[in-house]
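Reckoned from all heavy atoms, side chains included, excluding hydrogens, waters and symmetry mates.
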Amino acid sequence: MKNQTEDKQKSLDRRYMRMAFIWAENSYCRRRKVGALLVKEKMIISDGYNGTPSGFENVCEDESGVTKPYVLHAEANAITKVARSNNSSEGATLYVTSSPCIECAKLIIQAGIKRVVYADSYRLSDGVELLQRAGVELVAVELDKA
């Protein structure tokens, strides 16, 4: 029975991850598009993608192609969005197309998110290391690139 439950969870993880990649397409960032879904009890309670704060121009990079310092990561957008709702992220799973950076890892821990599922690894591993230290379950999934 345990194997069947694990297989079902892996299937759900891949499905939500595909949705996170689709959500990433909403990003106006040219260098990298990242999407995130916050799921609790098989219900999407929040979503986010990397981009500028509300009310700012939808331009993530400067003329040199460098990301502007005020661009929000997908995880931060999803977490702040749920904070403005009636939902709680306590015990939720975060699906994000790229592993979290250190700043997003701190938000994930403080938001009570217990599980992070990601597809690609961020260039720095300090966020993943912090999440491991905090006891957050981390799952790397590989998707079939069609």
Side-chain angles (χ1 to χ4, degrees), residues 2-3 5-54 56 58-84 87-146:
K2 188 177 179 193
N3 258 355
T5 304
E6 287 175 10
D7 288 346
K8 189 173 183 179
Q9 186 60 58
K10 285 180 183 179
S11 178
L12 278 173
D13 286 348
R14 285 192 298 274
R15 190 171 301 134
Y16 283 124
M17 187 57 63
R18 286 193 304 271
M19 292 170 71
F21 271 102
I22 290 168
W23 201 246
E25 294 172 18
N26 289 314
S27 174
Y28 288 90
C29 296
R30 293 189 314 258
R31 284 185 50 221
R32 185 178 190 134
K33 295 177 182 296
V34 180
L37 294 177
L38 203 46
V39 177
K40 188 171 177 179
E41 298 167 8
K42 296 183 185 175
M43 183 173 61
I44 298 169
I45 60 169
S46 190
D47 52 55
Y49 50 88
N50 56 328
T52 56
S54 298
F56 281 63
N58 289 321
V59 179
C60 297
E61 296 87 6
D62 64 18
E63 304 78 35
S64 307
V66 176
T67 300
K68 294 178 179 180
Y70 52 85
V71 168
L72 290 156
H73 288 186
E75 306 95 314
N77 266 325
I79 291 167
T80 55
K81 192 173 179 181
V82 79
R84 292 177 69 170
N87 286 315
S88 167
S89 55
E90 187 71 37
T93 297
L94 179 71
Y95 292 88
V96 61
T97 57
S98 185
S99 62
C101 72
I102 189 83
E103 293 302 317
C104 288
K106 291 189 278 187
L107 292 174
I108 290 164
I109 293 164
Q110 289 300 97
I113 295 165
K114 295 298 177 207
R115 192 165 178 268
V116 175
V117 181
Y118 64 91
D120 302 322
S121 291
Y122 184 61
R123 60 184 170 83
L124 302 174
S125 61
D126 52 358
V128 166
E129 291 162 8
L130 185 65
L131 291 170
Q132 288 171 330
R133 187 172 161 201
V136 174
E137 181 185 349
L138 290 157
V139 179
V141 297
E142 285 191 30
L143 295 180
D144 301 328
K145 304 285 182 188

Polar side-chain atom of [X] near backbone of [Y] as donor-acceptor pair, under 3.5 Å:
X	Y	value
Tyr16	Lys42	yes
Glu61	Arg30	yes
Ser27	Tyr49	no
Lys40	Ser88	yes
Ser46	Ala78	yes

Side chain to side chain, [X] and [Y], heavy atoms closer than 4.5 Å:
X	Y	answer
Met19	Ile44	yes
Gln132	Leu138	yes
Ile79	Ile108	yes

>> Once disulfide bond (SG atoms under 2.5 Å apart) is applied, what residue pairs with a partner in residues 10-46 remain, sequence neighbours excluded?
In response: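 Only Cys29-Cys60 qualify under disulfide bond (SG atoms under 2.5 Å apart).
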
> Please, which pairs that meet disulfide bond (SG atoms under 2.5 Å apart) have at least one residue in residues 93-128, sequence neighbours excluded?
Replying inline: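 For residues 93-128: none.
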
>> Please enumerate all residues that pass salt bridge (charged side-chain N to carboxylate O under 4.0 Å, His left out) together with Glu129, with sequence neighbours excluded.
In response: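 Partners of Glu129 under the salt bridge (charged side-chain N to carboxylate O under 4.0 Å, His left out) test: none.
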
> Tyr28: what forms a ring-ring contact (aromatic ring centres under 6.0 Å, His included) with it, not counting sequence neighbours?
Replying inline: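 Listed in chain order: nothing, the list is empty.
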
>> Using the ring-ring contact (aromatic ring centres under 6.0 Å, His included) criterion, which residues pair with Tyr122? Sequence neighbours excluded.
In response: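 Not a single residue meets the ring-ring contact (aromatic ring centres under 6.0 Å, His included) criterion with Tyr122.
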
Minimum heavy-atom distance between [X] and [Y], given as atom pair plus value:
X	Y	answer
Leu131	Ile109	CD2-CG1, 3.8 Å
Glu142	Arg14	O-CD, 4.1 Å
Ala76	Leu107	CB-CD1, 3.8 Å
Ala111	Ser89	O-OG, 2.7 Å
Pro53	Leu72	CA-CD1, 4.0 Å
Ile45	Ala92	CD1-CB, 4.5 Å

>> Can you tell me how far apart CD1 (Ile22) and CG (Leu37) are? Round to the nearest 0.5 Å.
In response: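 Reported value, rounded in 0.5 Å steps: 9.5 Å.
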
> Rounded to the nearest 0.5 Å, what separation is found between the CG atom of Leu124 and the CD1 atom of Ile102?
Replying inline: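 Answer rounded to 0.5 Å: 9.5 Å.
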
>> Test side-chain contact (heavy atoms from CB on, under 4.5 Å) on Asp13 and Arg115; report intermediate values, then the result.
In response: CA-CA 11 Å; Asp13 286 348; Arg115 192 165 178 268; 2.6 Å; yes

>> Are more than 12 heavy atoms, taken from residues, nucleotides or ligands other than Gln9, located less than 6.0 Å from that residue's CD atom?
In response: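 Correct, the count exceeds 12.
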
> Got a sec: does the NZ of Lys68 have more than 12 other heavy atoms crowding it under 6.0 Å?
Replying inline: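 For Lys68, atom NZ is crowded (more than 12 foreign heavy atoms under 6.0 Å).
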
> Under the side chain to side chain donor-acceptor pair (under 3.5 Å) rule, what pairs show up with a residue in residues 97-106, not counting sequence neighbours?
Replying inline: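 Qualifying pairs, neighbours excluded: Arg32-Ser98, Glu103-Lys106.
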
>> Set out, in order, the CA-CA distance, both residues' side-chain angles and the distance that settles side-chain contact (heavy atoms from CB on, under 4.5 Å) for Lys81 and Leu38, then state yes or no.
In response: CA-CA 10 Å; Lys81 192 173 179 181; Leu38 203 46; over 6 Å; no

>> Between Thr52 and Asn58, is the side-chain contact (heavy atoms from CB on, under 4.5 Å) condition met? List the steps.
In response: CA-CA 6 Å; Thr52 56; Asn58 289 321; 3.8 Å; yes

